Trainee: 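Could you have a look at this structure, given as structure tokens, before my questions?
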Amino acid sequence: MATIGMLATGVAHEVNNPLTAIFGFAEGLRRRLPALKEKVDPRVMEDVEDYVATILRECRRCQDIVTTLLTFSRQKTVSFAAVSLNAVVNDTLKLLRSHLKQRSQAKITVRVDLSENLPMVHGDEHQIKQVMLNLLVNAMDAITGPGRIIITTFQSSQGAVCLSVEDSGCGVPTDHMDKLFEPFFTTKRSGKGIGIGLSTCMSIVKKHQGEITVKSEPGSGAVFTVKFPVNTDKTT
Ligand SMILES: Nc1ncnc2c1ncn2[C@@H]1O[C@H](COP(=O)(O)OP(=O)(O)OP(=O)(O)O)[C@@H](O)[C@H]1O
Ligand SMILES: [Mg+2]
């Protein structure tokens with residue numbers, strides 16, 4: 001794992017520099033396009049605009065992958081404190097609302113069912129947000145066309161503070177179940193996913209001495225549930 005992490009960081013750093021240059025020059029080209037407009041055949045101009053837009057869009061995609069890889073492998077100092085799981089859910093949803101719109105997946109209805117008086121979690125807020133974000137993005141990816149996502153927080157009978165993300169998406173085939181949390185296991189097309197979301201979730205949850213489980217009926221969605229230990233005597 002450590003070696004994969006180091007390799008990923010190395011590659012990400014190496015790719016980042018040329019990528020920044022490509023992005024910067026493509027931006028420069030885009031800024032100069034209006035000046036070319038009168039001098040160039042309009043049909044050629046249309047192609048050039050299209051090419052530049054494509055270069056910029058694909059650069060952004062590469063930058064996203066690099067950022068994900070760096071986040072995945074970075075040994076950040078973790079600071080454990082009392083964290084409100086409900087606040088984490090609300091913050092992450094705010095982040096993702098624009099993502100939902102961007103991907104024109106507004107047909108996905110999101111239901112949020114947050115338990116009141118939930119005890120605080122003992123954990124690192126940033127990392128817990130990352131878990132939530134990865135689970136939500138996966139849920140969105142699993143849904144093609146209309147669908148629903150249900151996000152729930154609750155306290156288990158053993159006292160753990162829990163978050164579950166349920167979707168009505170494609171579900172997980174039985175023979176994929178034990179591979180889901182392996183680094184770089186993905187069923188998504190290249191550029192769409194690299195297979196580190198769930199392995200990152202697993203390593204974060206383990207660091208928190210928590211648990212992550214999945215239930216799925218292939219074809220009718222999946223539920224991912226994360227359990228965190230309680231931070232003593234505080235409530236949201
Ligand atoms: N909610 C879900 N429903 C169905 N399949 C899922 C769900 N979440 C994860 N999976 C399956 O598990 C695989 C691994 O998920 P993971 O989040 O680790 O990687 P990814 O989403 O493919 O890529 P990345 O998260 O790195 O962008 C996915 O490719 C998908 O096949
Ligand atoms: Mg993912």
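Note that ligands are numbered from 1 as they come in the structure, with each ligand's atoms numbered from 1 the same way. Source: prediction; values computed, not measured.
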Trainee: Looking at atom 25 (O) of ligand 1, what's its closest protein heavy atom, distance included?
Mentor: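 Ranking protein heavy atoms by distance from atom 25 (O) of ligand 1, first comes Gly197 N, 3.2 Å.
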Trainee: Tell me, which protein residue and heavy-atom name are nearest atom 8 (N) of ligand 1, and how many Å apart are they?
Mentor: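 Answer, as residue, atom name and distance: Asn138 CB, 3.3 Å.
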Trainee: If you measure only the distance, is there a donor-acceptor pair under 3.5 Å linking the side chains of Lys129 and Asn134?
Mentor: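 The answer is no; no qualifying pair exists.
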Trainee: Does any N or O atom in Ile196 lie less than 3.5 angstrom from one in ligand 1, N or O only?
Mentor: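 Yes; the residue has a nitrogen or oxygen that sits under 3.5 Å from a nitrogen or oxygen of the ligand.
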Trainee: Check for a donor-acceptor pair, side chain of Ser84 on one end and backbone N or O of Ala87 on the other, with a separation under 3.5 Å.
Mentor: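 Side chain of Ser84 to backbone of Ala87, a donor-acceptor pair under 3.5 Å: yes, one is there.
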Trainee: For atom 11 (C) of ligand 1, find the nearest protein heavy atom and state the residue, atom name and distance (0.1 Å precision).
Mentor: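 Result: Leu180 CD2, 3.6 Å.
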Trainee: Are Pro218 and Thr174 packed together at the side-chain level, in the sense that at least one heavy-atom pair is separated by less than 4.5 angstrom?
Mentor: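 In short, these two side chains touch, coming nearer than 4.5 Å.
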Trainee: List the closest protein heavy-atom neighbour of atom 21 (O) of ligand 1: residue, atom name, distance to the nearest 0.1 Å.
Mentor: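 So the nearest neighbour among protein heavy atoms is Lys188 NZ, 2.6 Å.
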Trainee: Could you pull out, from Thr186, Thr187, Asp167, the option with a heavy atom nearest to atom 30 (C) of ligand 1?
Mentor: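 Minimum heavy-atom distance to atom 30 (C) of ligand 1 goes to Thr187.
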Trainee: When only distance counts, is Ile194 in polar contact with ligand 1, meaning an N/O pair under 3.5 Å?
Mentor: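 The answer is yes, given that Ile194 and ligand 1 share an N or O pair closer than 3.5 Å.
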Trainee: With a 4.0 Å cut-off on N to O distance, would you call Arg148 and Asp167 a salt bridge?
Mentor: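 The answer is no: the pair does not qualify as a salt bridge.
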Trainee: Does Leu198, backbone or side chain, put an N or O under 3.5 Å from an N or O of ligand 1?
Mentor: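 Among all N and O atoms of Leu198, at least one is under 3.5 Å from an N or O of ligand 1.
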Trainee: What part of Phe181 sits under 4.0 Å from ligand 1 if we count only heavy atoms: the side chain, the backbone, both or neither?
Mentor: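 For Phe181, no heavy atom sits under 4.0 Å from ligand 1.
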Trainee: Taking the six-membered ring for Trp, are Phe224 and Phe181 parallel (under 30°), tilted (30 to 60°) or perpendicular (over 60°)?
Mentor: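 Answer is perpendicular, since the angle exceeds 60°.
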Trainee: Mind listing the protein N/O/S atoms less than 2.8 Å away from the Mg ion (ligand 2)? Waters don't count.
Mentor: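 Sorted hits: Asn138 OD1.
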Trainee: Can you check salt bridge (Lys or Arg N to Asp or Glu O under 4.0 Å) on Glu166 and Lys215, steps first, answer last?
Mentor: CA-CA 9 Å; Glu166 180 181 343; Lys215 278 197 193 130; over 6 Å; no
Trainee: Under 4.5 Å between side-chain heavy atoms, chaining through other members, with only Ile, Leu, Val, Met, Phe, Trp and Tyr counted: pull out the rest of the cluster around Tyr51, sorted by chain and number.
Mentor: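 Its cluster mates, by chain and number: none.
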Trainee: Could you tell me the residue and atom name of the protein heavy atom closest to atom 3 (N) of ligand 1, and the distance to it rounded to 0.1 Å?
Mentor: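 It is Ala142 CB, 3.4 Å.
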Trainee: Out of curiosity, is Gly171 lining ligand 1, as in a heavy atom under 4.0 Å away?
Mentor: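 Contact present.
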Trainee: When the side chains of residues 17-37 are checked against the rest of the protein, which donor-acceptor pairs come out under 3.5 Å, sequence neighbours left out?
Mentor:
residue	atom	partner	partner atom	Å
Thr20	OG1	Asn16	O	2.7
Glu27	OE1	Arg30	NH2	2.8
Arg32	NH1	Gly28	O	3.0
Lys37	NZ	Glu49	OE2	3.1

Trainee: Go through the steps for Phe154 and Thr225 under the test side chain to side chain contact (heavy atoms under 4.5 Å, CB included), then give the verdict.
Mentor: CA-CA 10 Å; Phe154 60 97; Thr225 305; 4.2 Å; yes
Trainee: Is the side chain of Lys94 donor-acceptor paired with the backbone N or O of Asn90 at a distance under 3.5 Å, no angle test?
Mentor: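 Pair absent, no side-chain N/O of Lys94 close to backbone of Asn90.
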Trainee: Does any N or O in the side chain of Ser216 come within less than 3.5 Å of the main-chain N or O of Gly221, such that one atom is a donor and the other an acceptor?
Mentor: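 Here the side-chain-to-backbone pair exists.
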Trainee: Looking only at protein heavy atoms, which one is nearest to atom 19 (O) of ligand 1, and how far off is it?
Mentor: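 For this ligand atom, the closest protein heavy atom is Gly195 CA, 3.1 Å.
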Trainee: With atoms numbered from 1 as shown, which atoms in ligand 1 lie under 4.0 angstrom from a non-hydrogen atom of Gly193?
Mentor: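 So the answer, numbered in order with elements, is 23 (O), 27 (O).
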Trainee: Checking Asn86 side chain against Glu116 main chain: does a donor-acceptor pair fall under 3.5 Å?
Mentor: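 It does not hold such a pair.
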Trainee: Can you find a heavy atom in the side chain of Ile143 that is under 4.5 Å from one in the side chain of Ile149?
Mentor: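 Yes - at least one pair of side-chain heavy atoms lies under 4.5 Å apart.
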Trainee: Only distances under 3.5 Å count here; give the side-chain donor-acceptor pairs of residues 155-164 to other protein atoms, sequence neighbours excluded, each with its distance to 0.1 Å.
Mentor:
residue	atom	partner	partner atom	Å
Gln155	NE2	Gly159	O	3.0
Ser156	OG	Gln158	N	3.2
Ser156	OG	Gly159	N	3.3
Ser156	OG	Ala160	N	3.1

Trainee: State whether the shortest distance between N or O atoms of Val172 and N or O atoms of ligand 1 falls below 3.5 angstrom.
Mentor: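 Min N/O separation from ligand 1 is not below 3.5 Å for Val172.
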Trainee: To which protein heavy atom is atom 7 (C) of ligand 1 closest, and what is the distance rounded to 0.1 Å?
Mentor: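 Protein heavy atom with the smallest distance to atom 7 (C) of ligand 1: Phe224 CE1, 3.9 Å.
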Trainee: Nearest protein heavy-atom contact for atom 14 (C) of ligand 1: which residue, which atom, what distance?
Mentor: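 Among all protein heavy atoms, the one nearest atom 14 (C) of ligand 1 is Phe185 O, 3.2 Å.
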